[in-house]
Structures are given as structure tokens and as C-alpha cells.
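Order of the sequence lines fixes the chain letters, A, B, ..., with proteins taken first and strands second; residue numbering starts at 1 for each chain.
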There are 2 protein chains.
Amino acid sequence: MTRAPPSARPKVRIEEVARAAKVSAATVSRALNNPGLVSFALRTKVDTAAQALGYVAHGAARALASRRSRALGALVPTFANTIFSDAISAFQRRLEAANYTMLLAAFDYDPEVEYRSARTMIERGVDGLMLVGVTHDPRLFALLDASGVPFVQTWAPAKASPHPTIGYDNAALTRMVVDHLVSLGHRDIGMVAGVTEHNDRVRARIAGMRATLQLHSLPFEERRMVFTEYRLGAVRDAFREMQGRGPLPTALVANNDIVAIGLLLEAQAQGIAVPRDLSVVGVGDLEIAAHLQPGLTTVRTPKHSIGTLAAEYLLARIDDRAVSLPAELALELIIRGTTAPPPDRRKDPSP
Amino acid sequence: MTRAPPSARPKVRIEEVARAAKVSAATVSRALNNPGLVSFALRTKVDTAAQALGYVAHGAARALASRRSRALGALVPTFANTIFSDAISAFQRRLEAANYTMLLAAFDYDPEVEYRSARTMIERGVDGLMLVGVTHDPRLFALLDASGVPFVQTWAPAKASPHPTIGYDNAALTRMVVDHLVSLGHRDIGMVAGVTEHNDRVRARIAGMRATLQLHSLPFEERRMVFTEYRLGAVRDAFREMQGRGPLPTALVANNDIVAIGLLLEAQAQGIAVPRDLSVVGVGDLEIAAHLQPGLTTVRTPKHSIGTLAAEYLLARIDDRAVSLPAELALELIIRGTTAPPPDRRKDPSP
DNA sequence: TTGTACGCGTTATCAG
DNA sequence: CTGATAACGCGTACAA
């Protein structure tokens, strides 16, 4: 398929539509973008002409004249797991309804790449930007400030940043989880988390875990904390790493469902019975969580809402409409089969 | 967070950079976009000035003047499963390297939505478009033709369409799978496929299955074919639907790994042993396939290559460079633990 | 309600 | 190699 140069594009311009409808270009523009300002007769005439000629407005010219690109950018750490895809999907769907377009880029948890991508997007003239998390390259904030492009951060509660942010409280999330485990009688709880570098969500969850254990007067030894990348192979390695540090805790808190599944898989491979010998909790409530055998106890996060609200916030800001962001979105602990009282090691299972 | 109107953006324009560098705007433009055309001294002067002022080119103006947006569009059926995310990721990465931006939209297997999204993207001035599959709304082809925007179709072999297409042979895919199963001794093979409407990949796979069975002089009764959506719950229903039609076949070909996993889950729930009582094959080789117990036999598809090659093709077309697309990309059958000889029902397991 | 005329910020053309 | 100047295609005050 080696085709010839794309020759001249038979571009229909507004001028030609105007001629066909026997009106001025200005009227065509109005009829198409602001039908209310034009008499009904003209409006239909213009519509017909535009339709007939297959007129498609030239986005760049329109953006230049109107100072609005009708495009929003979204910057996510990765497409590799489904963690963000629900939010992205909701975001795009909301934009679609508003006749906006989404520019999307993944930055692989690298702030430098994130900064460059953001820069490119701003250069492309996005009217707003959706970010993940609240820790970013300082240059990114400077750029955002200088360009005046509205932006929202996501997956963190409003209080996590002086900038507009939408999400839930990651520390509260692990608190729910730990409370659940403690109420089941667990006193020796470990955590398998993602890499904390450039990831405020993980850091907050770890902090939440530590604080909650302290609240329960339970220790959180360093050996109970192990880090992993979000690949099943890596998670299984992490599991064995923790085993290498001595007898496993009775419960493991995973940073997300992917990690939880990795733990389950490794436990299964080793013949460790879940939840009899070990309880496991995930985060995210991926579709598969409910279908596993036993079902994965996890925290349902408002992925969809985050995407929709982020879009709505940006859209409102663009229109100079007042918007208030919720302080934080609700989480829901979904108790399924991977959590149970710990195997009795000492005495009573719960107070 | 109800902020004041976004006041004036302190936009630095090329004019100011020119003044600061004591050159003309034209020279600034050249120095930045075509450094080769400018003397070294000026180039550095301009670079310094631009840096100092924090100059960021105005994308719309640039696009209008240069007739190039440096943005490519990608239209995929869904973000919901990871089937396309690898390809998208590779696509975007390749664009990034070329200083291009990706516009992305999902159309939920609805050709009407696909058409509208494409239209929006073309209106936004994308320099090229990546499509999935070879069946699209005729209006989409008309639009593509009228606008002259280069495009590639993906996930199908070149021969599947008169238009540039990059992917693999979906019929050959099921042929590999069926050959494998037959060589194991299976003679009663069923298929659990996705909805065929607007999905040429699924149709080709079914055709491949039918043809291959015929080649082996094996029947393919209608009751051996069941359809499902790509949600685990739906897949499990489909499994039971097939059971409702009589004794299960000895092997089930799934349309993709998601479906395969659903089948595995339902089999497990029912106590049907895989692969002893039932063999299952997937398509896609998702990360989890290798980690399941037993490992999922599946076909590895060139997800990454598809994305990269699609980007490269479009980039080349834009530059009027000659490009040749491969006739088709290679597939690899990954034999793991979910396939084995069928439980003996009659006599010899294989010829 | 409609048309005229100008401006949006760059890049490309064409002299010099 | 550099500078002036004319597009690029549309939106929108302003005038009619």
C-alpha cells in the first residue's frame, strides 16, 4: 500500500457554504454555532447547504479565532492496567456529550515525561487538563499557572492539595481495610504496596495503614511492608520476599486488586489457603474481583465518578461557571471471601 | 474551590521573542522549527530568549499556518478491557517520539458513535486516523476520502480491505487453535465468541473455525457456538447456555482471554476440571494468562506492533514518504496448561 | 437579523 | 541567511 502523495484536499470552506446559501460567511458561522441568533429560514438554508457540501469546520482556524480548542487533555500514569481506564472512559464520554475531544497520554509514572506531555498538550491548546495525583514536577505547576489553563487533579481528596482536586481519602481507605481486618481478629497485618516514588496515593495509603494500626495499638514492623511493581510476576516475587523475612502475617493488604490477585495466585501456587491461612484485601473492585473463587474482599473506588466529575469541573471552569468540588468521594468496603478470622495462634480471636 | 474567571493569560507570542532576540518573527519561527536554516549565533540567541520568556507556540495558529496539527486520532471500541490498551500505548509512545499528540475516543462497538467521533477528530484537524477493524459506516469512508486524511485500519490483515490495514489473519488464528486441539484428539469443539455485529474480527475467527473443522472432516453444529459480551458474568452465562444444549464439547475456543477466563471461572465454580474434563483456549495472551493455575493456552497477538506500525504508517504518509505495510503480522500459539487430550469417550485419541 | 471588516498567532513566500 | 508581508479559515465587534 504505497500510495501517492495525498494531493489537494477538497476542502470546503465557510465561504463556499455562504455562497451556496446566498448569505455571508458570518451568517453561516452564526447559523452553525449560534443558531439562536439567526432567523429560522436562513438557519435551514445554511444547514442544508453545509450538509450538501459536506462542510466540516477547520478546527485550527476556529480555535484561533475563538480562542478555544474544544479539547481537554488527560495525563495518566499508564494504560497498562485497568485502574484508570474506567475514569478515562467516563471522562471521554462526558467530553463527547459536550462536543469536546480528549487528548490522552500516559507518562509511566515519570514526572519528567508527564511535564513534557503536559507542555505539548498546552501547546496544542487544550482548554483544560486532567492530572492524576497531587505530586507533579514544579515546572508543571509553573506552566499551568503561566498558561492559565484550568486543571484538576484526581485520585486524591480536595484537602490533599491547594489546587482543585477530586477523589477520595487514601488514608481513610486503608483505615477501612485495617479496621475490617482487626475486627476479624488480625493483629499481624502486612502490606504489599506499589512503588512510592512519585505516587502520593500509595504514600497516603501507607500512612493510613500505619496510623490505623497505631490506633489499635498494633505494631507495623518494617518487615511487614514490601514493595512491588504492578505486574503479577513482580507481585509474586514480593510475596516470596515477605516470606523470606519470616512467617507471613495473617493478613495482607494489597495496594490494588492487581496486586491482590498476584498474591492470591502465589498463595494458590504454594498451597496456602485463602482465607483460612491468610486473608487478602485489594483496592479497586475490578470486575474479576467478584468472580474469583473465593471472591476478593476489596474497596470499591469511584473510578467512574472521578472521570465524570473531572470533566464537569473543567467544562464549568472553561465556561466561567461556578463549580464546587466535593471534599471527597465515598468508598465502599466490599467484603467477600478472601478475608476471615486469622488461624488461631494464641488466644481469643477478637476482644 | 470556586475560582474567579481565568483572567487574561499572560501569553508570550512569537513577536515578543523576536523583539527580545532582536530578530524578526520569521527568524524565530525558523530557529525553533527549522534550526538548520538559521545561523548558529541567531539560533542560540532565539533559543535563549524563548526559554527566558517561557514561550510556548500557539498550536492553533501554527496548525492554521502550517496546515498540520501534529495530532493523530485513534478510535477504539472500548477501554474497558486491556485488549486494546497495549496497542494504544505503543501508538502513543511512537507519536510522542515524533512530537505528535494522540486524540483518543472509544465508540463502544457502535458505528454511529465511531463515525461521529471520527468526524469530530477530523474537524479538530488530526493529521491521520487509526481505526480498529475494517467494517465502518460508509459515511466514515466518504468523510475520510473527502477530507483526504490518511488512515489505517488495524487488527486485520492487509487482504481484509482495499484500504491500508495492519494486523493478523483472524481466520488463521482460529485455524492454529483448532489444529492444536484436533492434534490433541478433540473432535467435538465449541466456541464462545463475542457479538459479531460490527465486529469483523469475530466473524473472521468464526469463519476460520468453521473452515478448519471442515478441513478435518469434523462437524460444527450450531449448538456448539454461543455468543457473549466481554464481561465475566456474561461469559459465565454463556457457558451455562451451552451446557443447556446438551453435554459440553471436550474443548472450548474463546474469542479472547477475557472470555477464556470467564469460562475457566465458571468451570471451576462447577467443579469441572480443566484440562481434564474440558480444554480451553484463549486469544491475546494477557499478562494473567501465564499466571493462572493451570496456565491458559492462548494465542499471542502482536498488540504492541500493531500500535507502533500504525503510528509509523501514518507518520510516513503525512511526510509523503513511501511506506509498505506487512501483509500480516505473525501469531504465536502459547501452549500452557488448559489444553490436554480429551477424556476418552470412544477410541484412539489421535490419528 | 444580517453583512463588513478586522484580528487571532504562525508559517511560507519571496525579495534582498 | 534574514526580514517583510501575505496567507491560513474562522469568529465577532460593529455598523447597517
Q: Taking CD from B:Glu123 and C1' from D:dG11, how many angstroms apart are they, rounded to a whole number?
A: 14 Å
Q: Donor-acceptor pairs are to be reported for all side-chain atoms of residues 68-76 of chain B against protein atoms at under 3.5 Å, with residues two or more places apart or in another chain.
A:
residue: B:Arg68; atom: NH2; partner: B:Ile318; partner atom: O; Å: 3.4
residue: B:Ser69; atom: OG; partner: B:Ala71; partner atom: N; Å: 3.2
residue: B:Ser69; atom: OG; partner: B:Gly125; partner atom: O; Å: 2.5
residue: B:Ser69; atom: OG; partner: B:Asp127; partner atom: OD1; Å: 3.3
residue: B:Arg70; atom: NE; partner: B:Asn99; partner atom: O; Å: 3.2
residue: B:Arg70; atom: NH2; partner: B:Ala98; partner atom: O; Å: 2.9

Q: By a strict heavy-atom criterion of less than 4.0 Å, which residues belonging to residues 52-66 of chain A are in contact with DNA chain C?
A: A:Leu64, A:Ala65
Q: Write down the atom of A:Tyr55, the atom of A:Arg13, and the distance for their closest heavy-atom approach.
A: CE1-C, 3.7 Å
Q: Short question: side chain of A:Gln92, backbone of B:Ala106 - any donor-acceptor pair under 3.5 Å?
A: yes
Q: Quick check against the 3.5 Å criterion: does A:Ser89 have a side-chain atom that pairs as donor or acceptor with the backbone of A:Asp86?
A: no
Q: Distances under 3.5 Å between protein N/O atoms and the N/O atoms of nucleotides 1-3 of chain D, please, pair by pair.
A:
residue: D:dT2; atom: OP1; partner: B:Ser39; partner atom: OG; Å: 2.7
residue: D:dT2; atom: OP2; partner: B:Ser39; partner atom: N; Å: 2.8
residue: D:dG3; atom: OP2; partner: B:Ser24; partner atom: N; Å: 3.3
residue: D:dG3; atom: OP2; partner: B:Ser24; partner atom: OG; Å: 3.4
residue: D:dG3; atom: OP2; partner: B:Thr27; partner atom: OG1; Å: 2.5
residue: D:dG3; atom: N7; partner: B:Arg30; partner atom: NH2; Å: 2.7
residue: D:dG3; atom: O6; partner: B:Arg30; partner atom: NH1; Å: 3.0

Q: Side-chain contact, heavy-atom cut-off 4.5 Å: A:Ser39 with A:Leu42?
A: yes
Q: Near A:Glu112 CD, under 6.0 Å, is it more than 12 heavy atoms from other residues, nucleotides or ligands?
A: yes
Q: Students should find this one: the first and last nucleotides of DNA chain C, 5' to 3', lying under 4.0 Å from a heavy atom of chain A. What are they?
A: C:dT1 to C:dG9
Q: Measure from the side-chain N and O atoms of A:Thr48 to the backbone N and O of A:Thr44, and report whether any donor-acceptor pair falls under 3.5 Å.
A: yes
Q: Side-chain atoms of residues 148-155 of chain A: list all donor-acceptor pairs with protein atoms under 3.5 Å, sequence neighbours left out, distances to 0.1 Å.
A:
residue: A:Gln153; atom: OE1; partner: A:His136; partner atom: NE2; Å: 3.4
residue: A:Gln153; atom: NE2; partner: A:Ser161; partner atom: OG; Å: 2.8
residue: A:Gln153; atom: NE2; partner: A:Thr165; partner atom: OG1; Å: 2.9
residue: A:Thr154; atom: OG1; partner: A:Leu131; partner atom: O; Å: 2.6

Q: Give the rounded distance in Å between these two atoms: CZ of B:Arg68 and P of D:dG9.
A: 14 Å
Q: Between A:Arg94 and A:Thr308, do the side chains contain an N or O donor and an N or O acceptor separated by less than 3.5 Å?
A: no
Q: Quick one: does any side-chain atom of B:Ser29 pair with a main-chain N or O of B:Ala25 as donor and acceptor, under 3.5 Å?
A: no
Q: Could you give the CD1-to-P distance, from B:Ile14 to D:dA4, as a whole number of Å?
A: 14 Å
Q: What is the distance, rounded to the nearest whole Å, between atom CZ of A:Arg67 and atom C1' of D:dG9?
A: 15 Å
Q: Work out how much the helix from C:dT1-D:dA16 to C:dG16-D:dC1 bends between its end axes, five pairs an end, to the nearest 10 degrees.
A: 30°
Q: Please test B:Met102 against B:Ile88 for side chain to side chain contact (heavy atoms under 4.5 Å, CB included), starting from the C-alpha separation and ending with a verdict.
A: CA-CA 9 Å; B:Met102 175 180 71; B:Ile88 291 173; 3.8 Å; yes
Q: Could you go through B:Glu328 and B:Lys159, starting from their C-alpha distance and side-chain angles, then the distance that decides it, and tell me whether this counts as side chain to side chain contact (heavy atoms under 4.5 Å, CB included)?
A: CA-CA 8 Å; B:Glu328 65 181 74; B:Lys159 68 181 173 209; 3.9 Å; yes
Q: Do B:Thr27 and B:Ser24 pass the side-chain hydrogen bond (donor to acceptor under 3.5 Å, both in side chains) test, and can you show the C-alpha distance, the side-chain angles, and the key distance before you say yes or no?
A: CA-CA 5 Å; B:Thr27 299; B:Ser24 71; 3.1 Å; yes
